[in-house]
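All residue numbers in this chain count up from 1 along the given sequence. FYI, side chains are in, hydrogens and waters are out, and symmetry mates aren't considered; it's all heavy atoms of this structure.
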Amino acid sequence: LIMVTLKTNGTMRFCDIQKTIGDISQRMLTVTLRSLETDGLLIRKVYAEVPRVWSIPYGDGHSLMPHIESLVGWALEHMADILERRGVQQEVD
């Protein structure tokens, strides 16, 4: 979700990522962003003068996106069947 959010919105601040994703704790978001940075998938820029952290897709993160987008497309295509198997009633838009 973080990589998809960054691809959609570009460079984002921590609080904006958290608002966009919704139900994610500050700790889980911090841990995940640090892991993605360690893996070379994004860059986190910390500005000391004003407490601010920006996250930017980076390196292999760009080449990962088509695969994530394919997975999201597959999930959307099969969502109705999956929800039916789970016994979840789907709302009609």
Glu69, CD: over 12 other non-hydrogen atoms inside 6.0 angstrom: yes
Reported CZ-to-CG distance for the pair Arg34 and Asp39, which is rounded to 0.5 angstrom: 14.5 Å
Approximate separation, where rounding is to 0.5 Å, of Thr32 OG1 and Ile2 CD1: 4.5 Å
Spacing of CD belonging to Gln18 relative to CE belonging to Met28, to within rounding of 0.5 Å: 12.5 Å
From OG1 (Thr38) to CG (Leu33), nearest 0.5 Å: 10.5 Å
Atom pair CD1 (Ile43) and OG1 (Thr11), whose distance is rounded to the nearest 0.5 Å: 9.0 Å
Heavy-atom pair of closest approach, residues Met3 and Leu41: CE-O, 3.5 Å
Same cluster (ILVMFWY, side-chain, under 4.5 Å), Val72 and Met79: yes
Minimum heavy-atom distance Ile24-Ile21, with the two atoms named: CG2-CG2, 3.8 Å
Between CZ on residue Phe14 and NZ on residue Lys19, distance to nearest 0.5 Å: 12.0 Å
Greater than 12 external heavy atoms within 6.0 Å of Ile68's CD1: yes
Stepwise side-chain contact (heavy atoms from CB on, under 4.5 Å) test for Asn9 and Ile17: CA-CA 9 Å; Asn9 299 298; Ile17 296 170; over 6 Å; no
